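Since the structure is predicted, the reported quantities are computational estimates derived from the model, not experimental observations. Side chains are part of it too, since the values below use all heavy atoms of this structure and drop only hydrogens, waters and symmetry mates. Below, chains carry the letters A, B, ... as their sequence lines are ordered, and counting in each starts from 1.
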Amino acid sequence: MMAWLRLHSMAFAATIAKLARTPFASVLNILVIGVALALPAGAYTLLINLQEAARGVSSDPELSIFLALDAKKDDVAEIDKRLKAEPLVASATYKSREAAFAELKASPALGDVLAALNQNPLPDAFVVRLKMNAADALDRLATGMQAWPKVEHVQVDSAWVRRVAAALKLGQLSVLVLAALLSVALLAVTFNTIRLQILTQRDEIEVSKLLGATDGTIRRPFYYYGALLGLFGGATAALMVWGGISVMNAGVADLARTYASSFSLHMLATGDLLAILAFAASLGWLGAWLSVSRHLREFEPRN
Amino acid sequence: MIEFSAVHKRYPGGYEALKGVSFTVADAELLFVTGHSGAGKSTLLKLIPVIERVNSGSVMVNGQNVSAMAARAIPFLRRNIGQIFQDQKLLYDRSVFDNVILPLNVTGVHPKEGAKRARAALDKVGLLKREKSNPIALSGGEQQRLAIARAIVNRPSILIADEPTANLDSQYAGEIVDLFVDFNRVGVTVMIATHDEQVIARASAKATTRSLTLTQGVLAP
Ligand SMILES: Nc1ncnc2c1ncn2[C@@H]1O[C@H](COP(=O)(O)OP(=O)(O)OP(=O)(O)O)[C@@H](O)[C@H]1O
Ligand SMILES: [Mg+2]
């Protein structure tokens, strides 16, 4: 047990020493992995930010029902009754044409124009808030309402929310594809790095085997090396994303100010960051494993 | 104890290096394997730590059939067999000391304990003062002694040496033979492949020895 622990710690120390012995090559490798991981990680960060922004702008789906100009009180009551009976409706606010007209007349920009009209051009209206899970049924619901008596027009206010959601879903998919592609790149980098190491350490590996080193003892430093390469690459990627966000935030702040908003991009949550680091380390380990399994076979005793 | 029974070894390509070799080596014996170049001496020695495997027949080492041993058990077999290779297999990118401590490092011996044993082994072969040198800076005889120090650092019960005196003048060769005789005296089973008659003569003058002679893969009766 002690010997086992010692073998591990010695392998680990040897790995660090190996990284330090070829600083230039190590830094280059880590940078390559960092860039490869920074692309999907950065895209993911932007996506998360967009998702949040979209959520802030519109919460529940909404629609407006405009009645015909000749709608009577009874018609309004009928619509109100039907809305109350509709299970997907969360709440409905009635706005009479008189109230809407008065409100508009009070506004400084349109007041004069409306005052010149001798007739109220506005219809009675309902603003209907739907339950969140009604988003899918939105179109069917709107078409149904269109057929209600004295309903002139149904306007789905939040159709764009679904467009944004669809776009975000597409974005998610692209990030996944990007991550998968660049993971292969990371695998290739570690695979090849480990292959070169095995080549330059042929003698040491051969002699160690002859002197009674187990396969595990010989493989272990390469696994550690791959995992560390991935881990440092992942950390580099996180730094790059953080740097990118900081730079972009300066621009975003200016843009947001013109919309009187204080919107800003933020960094990935700690959980996401840790997941990226763990993912990168596992990929490095896997690359090393593939390489070692492939290239250490030739050291086996022959028949 | 080492026991070969009807051992055949054919290399890829079809060359038959050993053709039905049988013999036994008792514990603490000092045994020479002689024969012309290409007779199969190295091949015979390589079968013991399973660097090569037999095609038929069996090799028993201390009651274990090593010719059928699982790959994962082989490292543990090798830790009990000191090996001196015909091509030495020293690592020239590290110091004399690091070469000697390597067999201990790969088995997880505590570094302090390992350093002590490595120095003891170096002392035994008279290289203690050169521990920081690179093996390349050593003479041929010193390199051979370094290889011996590495082979004995694990305190193996079996020592296998393939041409340990090749290319050495007789004074160096004599010193090395004396080392093997010393190990044998403390109970180590020693097998030496050589075609140097002087080496055998010198050892025989100091200890009881036995010789096996190989001729094209066949043991002389
Ligand atoms: N890996 C190999 N592949 C194919 N043939 C081999 C291999 N190793 C040895 N041989 C052949 O087997 C025969 C015996 O070789 P071996 O090395 O055992 O001889 P040896 O007695 O040790 O000779 P030397 O005194 O020159 O070291 C030789 O003919 C050699 O060419
Ligand atoms: Mg030979």
Bottom line for B:F85: the part with an atom under 4.5 Å from chain A's heavy atoms is side chain
**Prompt:** Under 6.0 Å from the CZ atom of A:R294, do we count more than 12 heavy atoms belonging to anything else shown?
**Reply:** no
Under 4.5 Å to a heavy atom of chain A? For B:N80 that would be neither
Just wondering, more than 12 heavy atoms not from A:M248 lying within 6.0 Å of its CE?
no
- Message: Tell me if the NE2 atom of B:H36 is crowded by more than 12 foreign heavy atoms within 6.0 Å.
- Response: no
Under 4.5 Å to a heavy atom of chain A? For B:P103 that would be both
B:R79 and A:G212 have their tightest heavy-atom pair at NE-O, 2.7 Å
Applying a strict 4.5 Å limit to non-hydrogen atoms, the region of B:R150 in contact with chain A is side chain
Honestly, the part of A:I218 sitting under 4.5 Å from a heavy atom of chain B is neither
Given B:D93, B:L77, B:L91, B:N154, the one with more heavy-atom pairs under 4.5 angstrom with chain A than any other is B:L91
message: Tell me if the CZ atom of B:F23 is crowded by more than 12 foreign heavy atoms within 6.0 Å.
response: yes
Open item on the list: For B:D87, is the CG atom crowded, meaning more than 12 foreign heavy atoms sit under 6.0 Å from it?
Closed with: yes
Here the pair of heavy atoms bringing B:T107 nearest to A:L7 is C-CD2, 4.1 Å
Looking only at heavy atoms, the pair that brings B:R78 and A:K209 closest together is NH1-O, 2.9 Å
Are there over 12 heavy-atom neighbours, none belonging to B:H195, within less than 6.0 Å of that residue's NE2? no
Heaviest contributor of heavy-atom pairs below 4.5 Å to chain B, chosen from A:V207, A:L210, A:T214, A:T217, is A:L210
